[in-house]
Amino acid sequence: MTRLKGLDLLALGFMTFALFLGAGNIIFPPSVGMAAGHSLWFAALGFLLTGVGLPLLTVVALARVGGGMDRLTAPLGRGAGTLLAVAVYLAIGPLFATPRTAVVSFEMGVAPFTGNAAIPLFVYTVLFFSATLFLVINPGQLVNRVGKFITPVLLAALLVLGGAAVFAPAGDIGTTAESYRNGPLLKGFLEGYLTMDTLGALVFGIVIATAIRDRGVSEPALVTRYTMIAGAIAALGLSLVYLALFYLGATSQGIAGEAQNGVQILTTYVQSAFGTPGSLLLAVVITLACLTTAVGLTTACGEFFSGLMPVGYRTVAVVFTLFSLLVANQGLTQLISVSVPVLVGLYPLAIMLVALSLLDRCWVSSSRVFIPVMAVTLVFGVVDGLSAAGFTNLVPVLFTRLPLAVQSMGWLVPVLVTLAVASAVDRLLGQPRLAS
């Protein structure tokens, strides 16, 4: 029976960390930190719950069922489970998240030197996705290529940036913005959605498990254990990066008070602290972070769709990489405007899917609980998606009057009530579970 050694486990954890760390993980925390001001640590806690806690729980849930998202959605039935899985994989893959990695890394790392024109974007995205395809064409080498080579370089650059933010802040912690004065914990919780890491974890689970099995580990219990260890290492790394970037944003009001987003905050701080060499450092950090995320997303989609359809893994990887290249050249603004409503609709579904899976031992029949709870969550996900897309006239007034509706959490109370009722009915019916 093959077991992984300490260095192999560390490389696996580094690979998992690199898969999760994309541009969104670097640009959103400074924005939260600057807006939160003196409420920084409450907002940071909320952000960490969705930006780190939920992805870690998702990795654990996938490890427990011993497979990919198809096993997680099994209680929903084959048809519904497959539809949900396809929606998540497409959203987190070639439709939105993968093209975004290329466009964001271009705008933050390359555009300051080349300009934001169409030709430089096209040339960069061709190079970016060529490198992505090279890394994903043989997924068994991900630990070696990403975990042992790319991630250490990324970590070194992040240590320099994070160390400067902590030990050489641009100023004192600034004032708290109006949006964070009431309920900074909840506001930070919602901002953590933007990392998309819970959705990412749903598709990365199969990548991590495949990487472990390709190292010769075949015992299911060991695969589960090593997956959890890798998730814990990644969670620790993400938490440290977030905390440093929260503090960077909170202490940068004096030099970047007019900044409209995290890109401008980071660029201003780095230029102030390091000058042009700092801008080059930021370009390296963003490009490597986005590249590793694109590799993970494309690999996961290739594994999933090659298993779903009679098409080989490499064919899926090539097609999705080319499609991502085309979408990326539509520009970041268009990507974000289309993706936000979809993500707002999918996130509650992902949260409840993971929660119900982790509590599966509480149910007599998982299907009797999963189906009604996920159905209600879907209704509210569609409503939230319509609201985020600007179609508020299509949303019934009742939905806007629910508790937490203003904070885009109107789904929470109805879903919890549905869960309580479904659980009670499940126990009353009392059909015995079959031992697994």
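Below, all heavy atoms of this structure are taken into account, side chains as well, without hydrogens, waters or symmetry copies.
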Residue pair Ile137 / Arg314: nearest heavy atoms and the distance that separates them: O-NE, 3.3 Å

If only atom types and distance count, is the side chain of Thr298 paired as donor or acceptor with the main-chain N or O of Val295 below 3.5 Å? no

Minimal non-hydrogen separation, Ser357 against Phe370, with atom names: N-CZ, 3.6 Å

Between the main-chain N or O of Val383 and the side-chain N or O of Trp411, is there a donor-acceptor pair closer than 3.5 Å? no

Atom CD1 of residue position Ile119 - does it have more than 12 heavy atoms of other residues, nucleotides or ligands inside 6.0 Å? no

Assert yes or no for the condition that the ring centre distance of Phe380 to Phe399 is strictly below 6.0 Å. yes

Arg427 side chain to Cys362 main-chain N or O, any donor-acceptor pair under 3.5 Å? yes

Would Leu326 and Phe129 satisfy side chain to side chain contact (heavy atoms under 4.5 Å, CB included), going step by step from the backbone distance to the final call? CA-CA 11 Å; Leu326 293 175; Phe129 284 114; over 6 Å; no

If you take all heavy atoms of Leu402 and Pro414, which pair is closest and at what distance? CD1-CG, 4.0 Å

Ile208 CD1 to Thr227 OG1 distance, which is reported to the nearest 0.5 Å: 6.0 Å

Aromatic plane relationship, Phe106 with Tyr124 - under 30° parallel, 30 to 60° tilted, over 60° perpendicular: tilted

Does the Ser306 side chain pair with the main chain of Gly312, one donor and one acceptor, at a distance under 3.5 Å? no

What are the two closest non-hydrogen atoms of Leu40 and Gly33, and how far apart are they? CD1-CA, 3.9 Å

Could you walk me through whether Phe47 and Phe246 pass ring-ring contact (aromatic ring centres under 6.0 Å, His included), step by step? CA-CA 10 Å; Phe47 191 97; Phe246 288 139; 5.2 Å; yes

Output yes when a side-chain donor or acceptor of Thr400 lies under 3.5 Å from a complementary backbone atom of Val397, and no otherwise. yes

Kindly give the heavy-atom pair with the smallest separation between Thr50 and Phe189, and that separation in Å. OG1-O, 2.7 Å

Could you tell me whether the side chain of Val369 reaches within less than 4.5 Å of the side chain of Leu359, counting heavy atoms only? no

Steps toward side chain to side chain contact (heavy atoms under 4.5 Å, CB included) verdict (Leu243, Trp41): CA-CA 9 Å; Leu243 290 172; Trp41 303 118; 4.0 Å; yes

Main-chain N/O of Gly262 paired with Ser31 side-chain donor or acceptor, under 3.5 Å: yes

Relative to the ring of Tyr89, is the ring of Phe305 parallel (under 30°), tilted (30 to 60°) or perpendicular (over 60°)? perpendicular

Side-chain heavy atoms of Arg64 within contact of Leu358, under 4.5 Å: yes

What I'd like to find out is whether the side chain of Leu238 reaches to under 4.5 Å of the side chain of Phe20, using heavy atoms alone. yes

Heavy atoms of Ala43 and Val32 approach each other most closely as CB-CG1, 4.1 Å

Side-chain heavy-atom pair Tyr242, Leu240 within 4.5 angstrom cut-off: no

Take Tyr226 and Arg3 through the side chain to side chain contact (heavy atoms under 4.5 Å, CB included) test and state the conclusion after the steps. CA-CA 9 Å; Tyr226 293 153; Arg3 293 177 179 269; 3.5 Å; yes

